[in-house]
There are 2 protein chains.
Amino acid sequence: MDERVPRDFETLRTTILERRQSLPKRIAQIAAYALDNPDDIAFGTAASIAASAGVQPSTLIRFAQQLGFDGFTSLQLVFRERLRERNSSYDERLAALRAKAEEGAGHRAIFDGFVAAASTSLNDISGRLNEDHFEAAITLLAKAETIYVLAKRRSYPVASYIAYALGKLKIRNQLIESAAGLNAEMISFASPRDAVIAISFSPYAPATIEEARVISEQRVPIVAITDSSFSPLAQFAKVWFEVAEADFAGFRSLSATMALAMALTVAVGEKRRDTAGKRKA
Amino acid sequence: MDERVPRDFETLRTTILERRQSLPKRIAQIAAYALDNPDDIAFGTAASIAASAGVQPSTLIRFAQQLGFDGFTSLQLVFRERLRERNSSYDERLAALRAKAEEGAGHRAIFDGFVAAASTSLNDISGRLNEDHFEAAITLLAKAETIYVLAKRRSYPVASYIAYALGKLKIRNQLIESAAGLNAEMISFASPRDAVIAISFSPYAPATIEEARVISEQRVPIVAITDSSFSPLAQFAKVWFEVAEADFAGFRSLSATMALAMALTVAVGEKRRDTAGKRKA
DNA sequence: GGCAATATGAAATAATAATTCCAATCCATA
DNA sequence: TATGGATTGGAATTATTATTTCATATTGCC
């Protein structure tokens with residue numbers, strides 16, 4: 001048998017889809033069933049699967065043979081392997097990571113801890129994002145002539161990624177950082193037709209808060225990403241997001257903040273394209 | 001048989017752990033094996049499992065019976081059910097996010113897309129991290145007098161977070177960035193007693209590659225985080241990590257890279273503390 | 001140390017499941 | 001519409017696998 005036998009599920013899947021047209025009716029029927037109910041194939045017996053799919057066991061074996069396997073059993077192995085390779089359930093895995101991290105078993109534990117913290121944060125924000133706030137922020141930012149990006153210290157990486165992405169999307173932006181200590185001057189150029197994305201988490205970098213205050217007094221609308229409603233940033237912001245980042249070893253994850261920041265950025269880009277399109281039309 | 005038979009894996013697990021002490025030796029042996037290798041129980045045959053666990057098939061059946069099942073087959077069902085269920089929750093949720101993101105239903109979809117990309121990346125790296133490389137990198141960095149951090153453009157946010165964290169941990173470091181265009185001079189100070197963390201993904205920023213080349217010619221050891229073994233960074237590095245980041249809307253996630261970067265940083269901090277402690281003692 | 005109760009190993013047996021085979025049916029083509 | 005080839009259904013066969021049984025070993029207790 002020199003025919004190439006699919007060894008992994010993805011190859012198998014592709015092969016089946018390719019041949020779908022040329023397969024006899026009943027074989028096609030079991031093929032469809034297999035792709036729709038891979039778990040059943042993995043666990044069932046030839047008889048039970050055949051029954052669920054509405055064919056004879058022999059058809060199931062012919063199906064396997066058509067694909068180059070020597071019988072149902074070898075086909076089934078591929079479906080089982082797929083389940084094995086899939087990682088354990090999310091919660092189980094997270095718990096395991098956290099456990100390993102907590103018992104402090106060497107350096108690997110540190111890595112696991114950060115992965116767990118990031119996953120937790122993402123999980124958390126994905127359920128909590130307020131969609132109205134999100135839309136409001138996008139609208140506000142899409143109208144801005146220049147988007148100022150304001151963040152220091154721990155939040156600075158997010159700001160720099162926002163600036164990078166905005167640049168890529170050809171949206172005029174200004175990262176408020178200055179080796180020459182000219183932040184105040186930079187800020188003074190901002191007008192109500194601009195907008196600000198400000199990011200700060202407890203303990204809030206005083207410079208960020210102060211700059212946010214100044215800029216809000218110039219009536220420049222602020223979108224804030226912060227960690228609680230008591231955040232001093234919230235009071236200056238037109239729209240603000242509460243992001244709870246899990247921490248590990250004293251360093252908080254940035255994954256949720258990053259995801260939100262990127263989503264904001266790209267959504268603004270998209271909104272601008274839409275608006276520009278409409279204006280032209 | 002009015003004994004309560006555990007129906008789901010968690011209950012079963014608890015039951016086994018409770019009774020562990022009171023089980024006969026071989027039964028305890030298979031019990032431990034079952035909890036350690038649940039996948040094998042789900043897929044194997046009584047004979048194969050017994051062989052792997054180093055017991056007789058009959059012992060396996062006795063184990064099942066002790067737990068209230070009427071045979072190995074019914075016990076196995078619980079282990080199979082577990083596999084079925086665990087696939088549904090997390091992966092389905094992720095798939096749902098991705099699907100929503102792909103069908104492009106509004107701005108919320110963009111957010112979902114980034115969350116999904118970040119989760120996928122974390123998921124991926126958590127299974128793939130090479131522990132030997134990780135240890136090697138930590139050892140190498142812990143010995144360095146100064147840690148240079150090198151990354152541009154998309155990878156720059158990671159570099160800035162590393163620099164922030166290293167600073168917090170009081171580890172001497174130098175982020176290679178210079179508004180004044182003095183990168184080359186900065187690099188020229190690096191010696192073989194220092195070390196570099198370099199981060200670059202395709203399309204590799206030419207400046208990063210060039211600087212990595214120069215610095216490696218000065219015999220400064222480099223730890224690289226990059227995206228494939230073909231990466232030009234890999235050839236200059238003493239140790240390198242392959243990180244596959246999922247992307248969305250043209251922007252790759254940074255979550256896995258961030259987690260790895262933070263883990264490296266904190267592990268280096270810890271290793272230094274340990275070493276310092278030993279030296280004192 | 002001896003005895004009973006319990007646990008274990010190994011092979012025989014029963015059960016279950018996969019595969020094969022052949023007759024019946026379907027389908028395309030002349 | 002007749003004919004050959006492909007496809008299908010269903011039962012018979014073969015294989016694999018779970019379970020049982022019984023002899024042997026181990027353990028705890030008097």
Handout entry: A:Q29 side chain near D:dT8 phosphate (N/O to OP1/OP2, under 4.0 Å)
Key = no
Problem - Distance-only side-chain donor-acceptor flag, B:S231 / B:T226, under 3.5 Å - result: yes
Fill in the blank from the handout: B:F69 CZ to D:dT19 P, in whole Å, measures 12 Å
Handout entry: B:Q65 CD to D:dT21 P, straight-line distance once rounded to whole Å
Key = 11 Å
Completion exercise
B:L23 CG to C:dT8 P, in whole Å, measures 10 Å
Practice task
Anything under 30° is parallel, anything over 60° is perpendicular, the rest tilted; go ahead and classify B:F114 against B:F251.
Solution key: tilted
Handout entry: Test item: side-chain donor near acceptor, A:T14 and A:T11, under 3.5 Å
Key = no
Practice task
Considering just the side-chain nitrogens and oxygens of A:T73, establish if one lies under 4.0 Å of OP1 or OP2 belonging to C:dT19.
Solution key: yes
Problem - Integer-rounded Å distance: D:dT7 P and A:I27 CD1 - result: 8 Å
Practice task
Let me see the working for B:R82 and B:D8 under salt bridge (charged side-chain N to carboxylate O under 4.0 Å, His left out), right down to the final yes or no.
Solution key: CA-CA 7 Å; B:R82 163 175 164 278; B:D8 63 287; over 6 Å; no
Practice task
Check whether any side-chain heavy atom of B:F9 lies under 4.5 Å from a side-chain heavy atom of B:E81, and answer yes or no.
Solution key: no
Handout entry: Degree of bending in the helix from C:dG1-D:dC30 to C:dA30-D:dT1 once both end axes are built from five pairs, to 10°
Key = 20°
Exercise for the section: Counting heavy atoms from C-beta on, name the nucleotide in D:dA18, C:dT20, C:dA18 closest to the side chain of A:T45. Expected result: C:dA18
Fill in the blank from the handout: Whole-Å distance, A:Q76 CD to C:dA17 P, equals 11 Å
Practice task
Please list, by residue number, the residues of residues 52-63 of chain A whose heavy atoms come closer than 4.0 Å to an atom of DNA chain D; answer none if no residue qualifies.
Solution key: A:Q56, A:S58, A:T59, A:R62
Practice task
Could you tell me the separation between the CD1 atom of A:I49 and the P atom of C:dA17, rounded to a whole number of Å?
Solution key: 11 Å
Problem - A:E135 and B:R108 ion-paired at < 4.0 Å - result: no
Handout entry: Exceeds 12 heavy-atom contacts within 6.0 angstrom, atom NZ of A:K168
Key = no
Problem - Donor + acceptor pair across side chains of A:Q29, A:R26 (<3.5 Å) - result: yes
Exercise for the section: Report, as yes or no, whether the 6.0 Å neighbourhood of atom NZ on B:K238 holds more than 12 heavy atoms from other residues, nucleotides or ligands. Expected result: no
Handout entry: Distance in angstrom units between A:Q66 CD and D:dT7 P, rounded
Key = 7 Å
Practice task
Send over the distance from A:K25 NZ to C:dT25 P, rounded to a whole Å.
Solution key: 14 Å
